[in-house]
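Have a look at the structure below before the remarks.
A note on names: the letters A, B, ... follow the listed sequences, proteins ahead of strands, and every chain is numbered from 1.
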2 protein chains.
Amino acid sequence: MELSIRKHYEARSRVIKALAHPTRLFILDKLAEGEHCVCELQAMVGADISTVSKHLSVLRQAGLIDYEKRGNQVFYRLLTPCVHQFIHCIDEVTRTPAPE
Amino acid sequence: MELSIRKHYEARSRVIKALAHPTRLFILDKLAEGEHCVCELQAMVGADISTVSKHLSVLRQAGLIDYEKRGNQVFYRLLTPCVHQFIHCIDEVTRTPAPE
DNA sequence: TCCTTTCTTGGGTATTTTGCCAAATAGCCA
DNA sequence: TGGCTATTTGGCAAAATACCCAAGAAAGGA
């Protein structure tokens, strides 16, 4: 595989890796309904707040979400609504039993 | 996060994890053009054939591809063309620089 | 200033993923 | 059967991820 081609697929996979975790998919669904602060997401997810913060950092570095500080809270919001078409496709795959 | 909800997101993330590798994304693109045997994919990818075979196994277990044996060759083909709409979305994300 | 709340970062450990080699399996043909 | 090609599987070491705890940073109120 040629280097420039490889770079292209690596860029794609970086974004997909950010999506490849149940907690992060859950967070994206919640943010699709509207912005949430970290403490709200932490309550919904039910993990340590530092864990939730790190998941949010992964999604932000992938360019999927952004945040805004207001007071001592940080509100996150979805940047890419098209992620949900994609999730729709994934759900079609999960509904179809794998071969064998 | 409630158990049944968690199961749902775990199922989604299992499929997305299968997509989260540059070599596997490359293979999916090649299979979108038509079926290929392992040796053809190996030549295009340029990795050890056992590595390519394992990537194909990951994609198959996720329900994204299937295979057919003909003679002593194994031909793989794409099961889910919708994967490409979704790649289109990913490319939009990669074209937009991440915040900060 | 001090205390509280909210969030991020550092660090250690545990788990998962990756990629190569070597060995095993399977089909074809002589 | 023997040899050849195509592919999968086992195993291992290296790299990447995940999660919790503890510590740090930033904002607000007393």
Upstream residue (5' side of DNA chain C) when B/D48 and A/E40 are each assigned their closest nucleotide: A/E40
If each of A/K17 and A/I49 is mapped to the nucleotide of DNA chain C with the nearest heavy atom, which maps nearer the 5' terminus, i.e. the 5' end? A/I49
Which is more 5' along DNA chain D, the nucleotide nearest A/G46 or the one nearest A/G71? Just name the residue. A/G46
Tell me whether the count of non-hydrogen atoms from other residues, nucleotides or ligands lying under 6.0 Å of NE2 in A/H84 goes above 12. yes
Phosphate OP1/OP2 of [N]: any [X] side-chain N/O under 4.0 Å:
X: A/H55; N: D/dT17; value: no
X: B/Y76; N: D/dA6; value: no
X: B/R70; N: C/dG27; value: no
X: A/S53; N: C/dT8; value: yes
X: B/H21; N: C/dG19; value: yes
X: A/Y67; N: C/dT6; value: no

Please pick, from [options], the nucleotide with the shortest atom-to-atom distance to any side-chain atom of [X].
X: A/N72; options: C/dT18, D/dA27, D/dT8; result: D/dA27
X: A/T51; options: D/dC19, C/dT8, C/dT18; result: D/dC19
X: B/A47; options: C/dC7, C/dC20, D/dT8; result: C/dC20
X: A/V38; options: C/dG11, C/dC7, D/dT9; result: C/dC7

Hphob cluster co-occupancy, B/M44 + B/V58, side-chain heavy atoms under 4.5 angstrom: no
Could you tell me how far apart [X] ([atom1]) and [N] ([atom2]) are, to the nearest whole angstrom?
X: B/I65; N: D/dT8; atom1: CD1; atom2: C1'; result: 14 Å
X: A/L56; N: C/dC7; atom1: CG; atom2: C1'; result: 10 Å
X: A/L41; N: C/dT6; atom1: CG; atom2: C1'; result: 13 Å
X: B/Q73; N: C/dC29; atom1: CD; atom2: P; result: 12 Å
X: A/E35; N: C/dC7; atom1: CD; atom2: C1'; result: 16 Å
X: B/R24; N: C/dG19; atom1: CZ; atom2: C1'; result: 12 Å
X: A/Q61; N: D/dT17; atom1: CD; atom2: P; result: 11 Å
X: B/R6; N: D/dC19; atom1: CZ; atom2: P; result: 8 Å

Using a strict threshold of under 4.0 Å (side-chain N to carboxylate O), is an ion pair present between B/K7 and B/E2? no
Side-chain ion pair, A/K30 and A/E35, N-O less than 4.0 Å: no
N/O donor-acceptor pair, side chain A/K69 with base D/dG28, under 3.5 angstrom: no
Quiz item: A/S50 side-chain donor-acceptor pair to D/dC19 base, under 3.5 Å: no
Rounded to the nearest 0.5 Å, how far does NZ of A/K69 lie from CZ of A/F75? 12.5 Å
For a side-chain hydrogen bond (donor to acceptor under 3.5 Å, both in side chains) with B/E10, tell me which candidate from B/H8, B/R12, B/R6 qualifies. B/R6
